[in-house]
Amino acid sequence: MEHSTVVESAQHLTHHVTTQGAALGIIALLPLVGSFLAFVIGKKNRDSAGWIATLAAALSFGCVLNYFFALPEGGAFEHRVFEWFSAGNISVDFLFRFDQLTAVMCLVVTGIGSLIHLYSIGYMAEDESRHRFFCYLNLFLFSMLLLVLGGNLLVLFVGWEGVGLCSYLLIGFWFKNLSFAAAGKKAFIVNRIGDAGFLLAIFLILLNFGTIDFVELGQRIGGASTELYTLIALCLFVGATGKSAQIPLFVWLPDAMAGPTPVSALIHAATMVTAGVYLLARMHYLFVLAPLAMVVVCTVALLTSLVAALIALVQNDIKKVLAYSTVSQLGFMFLAAGAGAYWVAVFHLVTHAFFKACLFLGSGSVIHACHHEQDMREMGGLGKIMPWTAATYWISTLAIAGIAPFAGYYSKHHIITALQTSGESNSLMLAYGECFATVATVVAVLTAFYMTRSACMTFLGSYRGHSHPHESPKTMVLPLVVLAFLAFVGGYLLEHQLSLAGYLHSVLPVHAHGESEGFLASLLHSWPGFLGVGLALLLYTKLTVVPAKLYGLVPPVSKLLADKFYFDEIYDFLIVKPLYLFSFGLWKGADQAVIDGSVNGTAAVVDMTGEVVRVTETGQLRHYGLFMFAAGVFITIFYLIL
Amino acid sequence: MQIAILVAKAFIIQQVILGLASFCTWVERKGSALIQDRIGANRAGVYWNPKNPLLKIFTPIVKVFGVLGVVNTLLNDAIKALLKEDFVPEGTSTFMHALGPFMAVLPVFLAYCVIPMAPDFEVAGYTIRMQIASLNTGVLFILAMGSIAVYGVVLAGWTGNNKFSLLGALRASAQMISYELAMGIAFATLILSYGTLDLYEIIEVQKSGWGINPLYYPTGILSFIILFIVGMAETKRGPFDMPESESELVAGYFTEYSGMKFLLFWLGEFAEIALFAIILTIFFFGGWHIPFVELPEGVWWAALVGHGVLMTKVVFFCVLQIVIRWTLPRFRYDHLMNLGWKGLLPLSLFNLMITAAIVLWGMNLS
Amino acid sequence: METIVFYLLAASIVFTGVAVVAMRNPIHSALALVCNLIGVAAIFASLQAHFLATVQVIVYAGAIMVLVIFVIMLLNIKEEKPARERFLLLGGVVLAGFAFFVALSFVFLHQFQVTPELTDEITGSVANIGRVLFTKYVFPFEAASLLIMAAIVGSIMIAKTKRREVS
Amino acid sequence: MVSVNHYLILSLLMFSIGVTGFVIRKNAIVVFMCVELMLNAVNIAFVAFARMHGNLDGEIAVFMVMVVAAAEAAVGLAIIIALFRNAKSVDTDDAAELRL
C-alpha cells in the first residue's frame with residue numbers, strides 16, 4: 001500500500017462520532033471501591049471479602065454491558081474526568097474513551113474477571129488473608145480497566161503500571177515463601193525494562209506529535225520519517241514484550257506461576273499479559289507506517305512461540321506447561337499483529353482468554369483437589385474423580401489445539417491465513433510470509449501435542465499420587481462450565497454470528513475478510529490440531545514407554561529443553577552478574593570511601609566547631625533572647641547601610 | 001454643649017442602672033420571701049414617727065415602703081454596709097483587694113455605654129440618642145466587656161488569700177469562660193440575622209416584628225433559649241451559682257469582702273442581671289416597640305413612652321430570672337460544664353449554621 | 001484633642017509596659033499587661049480600627065491574660081529572685097536597643113522624608129474587615145482555624161497529667 | 001497632629017520594653033508576657049501602616065498575629081505547666097537541663 005493511503009486510512013479509522021459525558025469512570029471506580037471495602041470489611045469478616053469483590057466485579061461487568069449495548073455503530077463514548085496537567089501547548093486530560101476495541105477488552109476483563117472472582121471464593125476459602133487477596137484482585141481489575149478505558153497513552157500507562165503492581169503483589173501473595181516473593185520481584189523488575197521502552201515511546205510521541213490522545217494522534221500522524229515511526233514502534237514493542245512476555249523478556253511469566261492459580265488465570269493468561277497486544281492494536285496506525293518494525297514483531301513473536309512450545313513439551317508441572325503455552329499463544333497474537341491483522345490478534349486474545357482461563361482454572365481445581373500438588377507425575381486418573389473439571393479441561397484443550405468447531409480453531413486459522421497474505425500490505429513480509437506460516441503451523445502441532453499430553457497425564461490412566469482428591473465446590477465448577485462453554489462455541493459465535501471483524505471494522509483495519517468456509521473444510525483445515533492430539537493420545541495412553549525413550553534418545557536436546565534453553569542462566573551471566581559486580585564496586589569505592597568519608601568528615605568538622613561554639617550555649621533563655629535581639633539589630637543596621 | 005449632653009446622658013443612664021439594680025435587690029429580698037412562704041423584711045420604717053410636720057407628710061408612704069421591705073433593703077442595708085469595718089485579709093495588698101469589686105462593677109457599667117435606652121428625640125434642635133457611645137461594634141463591645149468581667153472575680157478570689165475564695169474564683173472564671181463561647185456564637189447568630197452590630201438599628205429593624213417571632217425570624221426561639229440560659233450562667237446566679245455556693249464555699253470568691261466592697265459585688269451582679277434582661281429585650285422582644293402600635297418619631301414624649309415600654313419588658317425579665325433563681329435547685333459542677341460544652345456550644349453552632357443558610361438564601365432581616 | 005489622647009494613651013502604655021517588666025510579683029505584672037493591652041486597644045480605636053480594638057479586648061484581655069492569671073494562681077508563683085547578671089544583660093539590651101532605636105529613627109526620619117499622614121479611606125470596621133477576611137484572605141483565615149485546632153490538641157496533650165495505672 | 005511616626009516610635013518603645021523584660025526576667029510567665037508586649041508593639045505598627053496606606057492588609061495581619069498569639073498562649077502555658085510539674089518552678093534557669 002502507498003504511504004499516503006496508509007495515512008489516510010489511519011485517519012479515517014480514528015475519525016468517528018464521539019458522545020461526550022458518559023460516566024465511564026464508574027466502570028473502573030466500582031472495583032476500586034470494592035477493593036477498599038473488601039479490605040476494610042474483610043478484615044473483620046474474612047468470608048465477606050470474596051463476595052464483596054465478586055459483586056463489585058459483576059456490577060462493573062453490568063456497566064460494561066450497558067455501555068456495550070448503548071454503543072452506536074462506529075461511535076464512541078468519551079468521559080473527560082478532569083484536566084490532568086497542562087504545560088505549554090500540551091494539555092493532558094484524565095480521559096476515558098469507550099470504543100469498539102475497548103468494549104471487547106472491557107467485556108473480556110470484567111466478564112472473565114467476575115467468573116474468576118467467583119472461582120476464587122472457593123479456591124481461597126481456607127486462606128488466612130483472603131481479604132488481602134480480593135483487595136488486590138479488585139485493584140487489578142481497576143487498573144486493567146483504567147488501561148483499556150484510557151483515552152490517551154498516559155492514562156493507559158497509569159493502568160499499565162497499576163496492573164504491573166497488582167501482578168507483583170499477587171505473585172508474591174504468599175510472601176512467606178521467599179522464592180515466591182522473589183518471583184514477584186522478578187516479574188516487577190523485568191517489566192520495568194519493558195516499561196522504560198514504553199515511556200520512551202510516549203516521550204517520543206509527545207515530542208513529535210504534541211499529543212498522546214489516541215484519536216488526535218491518529219489524525220496528526222503522518223509526515224514524519226519512516227525511521228522515526230520505526231523507532232517509536234520498536235519502543236512500544238519493547239514495552240509490549242515486557243508486559244506480554246515475549247523474547248527476551250518472557251522469563252518472568254513461568255515464575256509468575258508462584259501466585260495463586262486464579263491469579264495466573266486472570267492476570268497471567270486472560271488479561272494483563274494481553275495488554276501488549278492491546279497496545280499494538282491501539283497504536284496500529286503507527287505500526288502500519290513502520291513495516292520494518294512489523295517484521296521485527298513477527299520474528300520475535302514466532303521465535304517466542306516456537307521456543308515456548310518446545311519448552312512446554314517437557315515440563316512436568318501442570319502450571320508451568322500452561323505458562324509456557326500462554327507465552328506461546330501470546331506469540332501467536334503478536335504474529336497476527338505483526339502481519340497487520342490486528343483484529344485477528346484481538347480475536348485470538350478473546351478466544352485465548354476463554355480457553356486459557358478455563359485451563360488455568362481447571363488446573364487450579366486439580367491442584368486444589370490434590371492438596372497443592374502441581375507435578376503431573378503425581379496425578380493421573382482424575383477424570384473419574386472430578387468429571388466436571390476433566391470435561392471442561394478437555395474441551396479447552398481441544399479449543400487450544402485448534403480443532404474445528406472449538407474456539408481456538410477460528411482465530412488460529414485466521415492467523416495463519418493472515419501470515420500467508422501479509423505480503424499484500426507489507427512488502428517486506430513478501431518473502432517471509434509463507435515461511436512464517438509454516439513455522440506457525442508446526443507450533444500449532446506442538447501446542448496440540450503438549451496440551452493433550454498434560455490432559456492425558458492428569459486425567460487419564462490411574463492415580464499415582466498419595467492424597468485423596470475430590471471434586472471442587474460449586475463456586476469453582478460454575479465458572480469452569482461457563483468458560484468451557486465459551487471455549488466451545490465462542491469462536492464460532494464471534495466468527496459467524498456476532499462477526500467480530502465487522503464489529504471492529506471502525507477501529508481496526510480489516511483486510512481481505514476470507515470467504516466463509518464449510519464445516520468439512522474447517523475440519524480439514526484443523527489437521528495440525530488432529531495431528532498433535534492424536535500423536536499425544538497415542539504416546540501417552542498406548543505407547544507410554546516411548547516418551548521416556550525419546551527423551552533419552554538425544555540427551556543434549558532434551559536437557560536443553562528441560563532447562564528452558566538456559567535463558568535464566570544466560571541473563572544471570574550477561575546482565576545480573578556484571579551489574580552486581582559493578583554495584584559492589586560502587587558500594588565499596590564510591591559509597592563507603594567517598595560519600596561516607598565526606599559525611600563523616602563533615603560530622604567531625606561540625607563536632608570540633610561545636611566544641612568551640614558551645615561556650616555561648618548557656619541554656620539560659622534570656623541569653624538566647626539577647627543574642628536574637630542583637631542579631632536582629634545587626635541585620636537591620638546591615639540593611640540600612642547597604 | 002455636646003459634652004453637656006453627653007454628661008447628662010451618662011447621668012441619666014447611670015440612674016437607670018442603679019434604679020434597676022435597686023429594684024432587683026428588692027425583688028430578690030421580698031420576692032424570695034414570697035416564694036419561700038416567709039414574710040421577709042417588713043419592719044424598718046414602719047415605726048418611723050418624725051416630729052417635723054414636713055416629714056410627717058411622707059409618713060404613710062414610708063410606712064407602706066417599710067411594710068413592703070423597700071426601706072430595709074435599699075436604705076438600711078446600704079447604711080449598714082457603709083458603716084461596717086472594711087476588712088482586708090492578711091497577706092494581700094490592699095490595692096489589689098480593692099481592685100476586685102471595682103473590676104466586678106466597671107465592665108458591667110461600661111457595657112451599658114452601647115445600649116440605647118429610648119428612641120431618638122429632638123430637644124432644642126439637637127437630635128438626642130439615649131446611648132452614650134454609638135460604636136459600630138456595639139454587640140462585640142458587650143462581649144468584650146463580658147470577657148473583662150472575669151477579672152473582678154479572679155482578683156477577688158486571689159486576694160482573698162483563702163482556699164474558699166480561690167476555689168470560688170476558679171469555678172466562676174471557668175464557668176464564665178465556658179459560657180462566653182456559647183454566648184459569642186449566639187451573638188454571632190443574631191448579628192447574622194439582623195445584619196448589623198448596632199443595637200439601635202437592631203431595635204428599629206424589629207418595628208415590623210419581634211425577633212422571637214418564628215415567622216419573622218425562624219431561628220429566633222432557639223437563640224433566645226440559648227442566650228437566656230447563657231445569661232443566667234454568666235451572671236453566676238440561678239441554678240448556676242456554684243462559685244458562691246454557700247453550703248460548700250461559704251460565699252465563694254467574695255468570702256473575704258465586707259461592707260461597701262461586698263455591696264459593690266452585689267451591685268455588679270444585679271446590674272448584670274438587668275443588662276442581660278435588656279439584651280434579651282433588645283434582641284428578641286422589640287426593645288421599645290409595642291406590637292401594632294407605632295409611636296411618633298422624634299417626639300420627647302414618645303421617647304419617654306418608649307423608655308417605659310423598654311423598662312417594663314426589662315423588669316419582667318429581671319423578675320423572671322430572680323424567680324428562676326429561687327425556684328430551681330443548684331447544678332452540680334460537672335453538669336454545668338457538660339451543659340455548657342456539650343449542650344449549648346454545639347446547639348449554638350448548629351443554630352449559627354442554620355441561620356447562615358437562611359441568610360444565604362436571602363432572608364436577611366434588615 | 002487627638003494629640004492629647006494619643007499622648008495620654010502612649011504614656012499609659014509605656015508606663016504599664018515598664019510595670020510589666022519591673023514588677024516583682026507576676027500577678028502585678030499580669031495586671032499591668034492587661035492595662036497595657038487595653039491601652040493598645042484604645043490606640044487601635046483611635047486609628048479607626050474598631051474591630052481590632054474590640055477583638056484585642058476579647059482575645060488578649062479576655063482570654064489570653066485570663067489564662068495567664070489562671071496559671072499564675074494555679075501554680076501559686078511567688079516573687080522571683082532577680083538574675084545575678086541582670087545588670088550585664090540590661091547593659092547589653094540598652095546597648096542593642098539604642099542601636100536599634102537609632103537605626104529605626106534613621107529609617108523614620110530619612111527614608112520617609114516627609115512625615116507620612118494618616119489617611120481615612122477605608123476604616124477597620126467590622127463589615128470591611130469581614131469582607132476582606134472572607135474574600136481575599138479566606139485561605140489564611142482557614143489556616144488560622146487549623147492552627148488553633150492544632151494548638152488546642154497540643155496544649156491538652158502537653159498539660160494533661162498522665163493517667164494513673166489502675167492496679 | 002499625630003502622624004504615623006508617632007505610632008511607630010510608640011511601637012518601638014514598647015518593643016524595646018518587651019525585649020528588656022524578655023532578657024532580664026527569669027520567670028517563664030513574665031517572659032511569656034514580654035513576648036506578648038513585643039507582639040502588640042508590632043501590631044501597633046501594623047495598624048498604623050494600614051491606616052497610612054488606606055487599606056486593610058495590615059489589620060488582617062494583626063488579626064492573624066492575634067490568632068497566633070492565642071495559639072501560642074495555649075501551648076506556651078501548657079508547656080509552663082508541664083515545666084512546673086517537672087521542675088517545681090517556672091524559673092527559666094531551672095529549664096536548662098539540656099545544657100551539659
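Every chain is numbered from 1, with letters handed out A, B, ... down the list of sequences.
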Legend entry - Stepwise side-chain hydrogen bond (donor to acceptor under 3.5 Å, both in side chains) check, D:N43 with C:Q56: CA-CA 10 Å; D:N43 282 358; C:Q56 170 91 358; 4.6 Å; no
Inset, instruction - Quick one: do D:E36 and C:L37 satisfy side chain to side chain contact (heavy atoms under 4.5 Å, CB included)? Show the steps, please. - result: CA-CA 9 Å; D:E36 300 294 326; C:L37 295 174; 5.5 Å; no
Legend entry - Verdict with reasoning, C:F6 to D:L10, per side chain to side chain contact (heavy atoms under 4.5 Å, CB included): CA-CA 10 Å; C:F6 173 77; D:L10 173 63; 4.2 Å; yes
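Rounding to the nearest 0.5 angstrom, the gap separating the CG atom in C:L47 from the CZ atom in D:R51 is 6.0 Å. With values rounded to the nearest 0.5 angstrom, D:M64 atom CE is found 5.0 Å from C:L133 atom CG.
Only the backbone of C:M23 comes within contact range of chain D, judged by heavy atoms closer than 4.5 Å. For D:I17, the parts lying under 4.5 angstrom from a heavy atom of chain C are both the backbone and the side chain. Contacts between C:S46 and chain D at a heavy-atom distance below 4.5 Å involve backbone atoms as well as side-chain atoms.
Each of D:I80, D:L77, D:I81 has some count of heavy-atom pairs under 4.5 Å with chain C, and the biggest count is that of D:L77.
Classified by interplanar angle (parallel below 30°, tilted 30° to 60°, perpendicular above 60°), the ring pair C:F141/D:F63 is parallel.
Within the 4.5 Å cutoff, no side-chain heavy atoms of C:V14 are placed close to those of D:M14. The shortest side-chain heavy-atom distance between C:I64 and D:M66 does not fall under the 4.5 Å cut-off.
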